[in-house]
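Here is the structure we will look at.
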Amino acid sequence: MHWFVRKGIFFKPTSPVGWALFILVAMYAVHALIEVNEHSHSTMETIINWFFRVILVGVAYTIVAYFMSEKE
């Protein structure tokens, strides 16, 4: 069973499990932005801290998507 299809460097969800994972990652990104913004003192501090959290989750998403996609 394949959860994702590769489109260039991105992975598009194709199954309900893939879409659920994508939505969870997107919801985490929004939640992380709100949480970081509450504890930051400047805009740059917010952006930097949020960016690194999103990059780490994006790498994890990409690894899962890579292994759960069709092999060429």
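Note that the coordinates shown come from a computational prediction; the quantities given were computed from them, not determined experimentally. Hydrogens, waters and symmetry mates are skipped; everything else that's a heavy atom, side chains included, is used.
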**Request:** State, yes or no, whether a side-chain contact exists between Lys7 and Val5 at a heavy-atom distance under 4.5 Å.
**Result:** yes

**Request:** Can you measure from OG (Ser42) to CD1 (Ile48) and round to the nearest 0.5 angstrom?
**Result:** 7.5 Å

**Item:** Common cluster, Leu24/Phe11, ILVMFWY with side-chain heavy-atom separation under 4.5 Å
**Value:** no

**Request:** Given side chain to side chain contact (heavy atoms under 4.5 Å, CB included), test Ile63 with Val59 step by step and report yes or no.
**Result:** CA-CA 6 Å; Ile63 290 170; Val59 167; 4.0 Å; yes

**Request:** State the CG-CE distance between Asn49 and Met44, to the nearest 0.5 angstrom.
**Result:** 11.5 Å

**Message:** Please check: side-chain N/O of Arg53 versus main-chain N/O of Ile55, any donor-acceptor pairing under 3.5 Å?
**Reply:** no

**Message:** Would you say that Val30 contacts Ile34 through its side chain, given a criterion of any heavy-atom pair below 4.5 Å between the two side chains?
**Reply:** yes

**Item:** Chi angles and distances behind the side chain to side chain contact (heavy atoms under 4.5 Å, CB included) call for Thr46, Leu33
**Value:** CA-CA 8 Å; Thr46 300; Leu33 179 62; 4.1 Å; yes

**Item:** Joint hydrophobic cluster, Val17 plus Met68, side-chain heavy atoms closer than 4.5 Å
**Value:** yes

**Prompt:** Can Val36 be reached from Val54 by stepping across I, L, V, M, F, W or Y side chains whose heavy atoms are under 4.5 Å apart?
**Reply:** no

**Item:** Cluster check Phe67, Val25: I/L/V/M/F/W/Y, side chain < 4.5 angstrom
**Value:** yes

**Atom pair CG (Leu56) and CZ (Phe51), whose distance is rounded to the nearest 0.5 Å** = 10.0 Å

**Request:** Quick one: pull up CH2 in Trp19 and OG1 in Thr14 and give me the separation to the nearest 0.5 Å.
**Result:** 9.5 Å

**Request:** Fit a plane to each ring of Tyr28 and His31, take the angle between them on a 0 to 90° scale, and name the class: parallel (under 30°), tilted (30 to 60°) or perpendicular (over 60°).
**Result:** tilted

**Item:** Aromatic centroids of Phe4 and Tyr61 separated by under 6.0 Å
**Value:** yes

**Asked** Within the side chain of Trp3, is there an N or O that forms a donor-acceptor pair under 3.5 Å with the backbone of Pro16?
**Response** no

**Fill in**
Here the gap from His2 atom NE2 to Glu70 atom CD, rounded to the nearest 0.5 Å, amounts to 4.5 Å

**Prompt:** Rounded to the nearest 0.5 Å, how far does OG of Ser69 lie from CZ of Arg6?
**Reply:** 7.5 Å

**Fill in**
Here the pair of heavy atoms bringing Gly18 nearest to Pro13 is C-CB, 3.5 Å

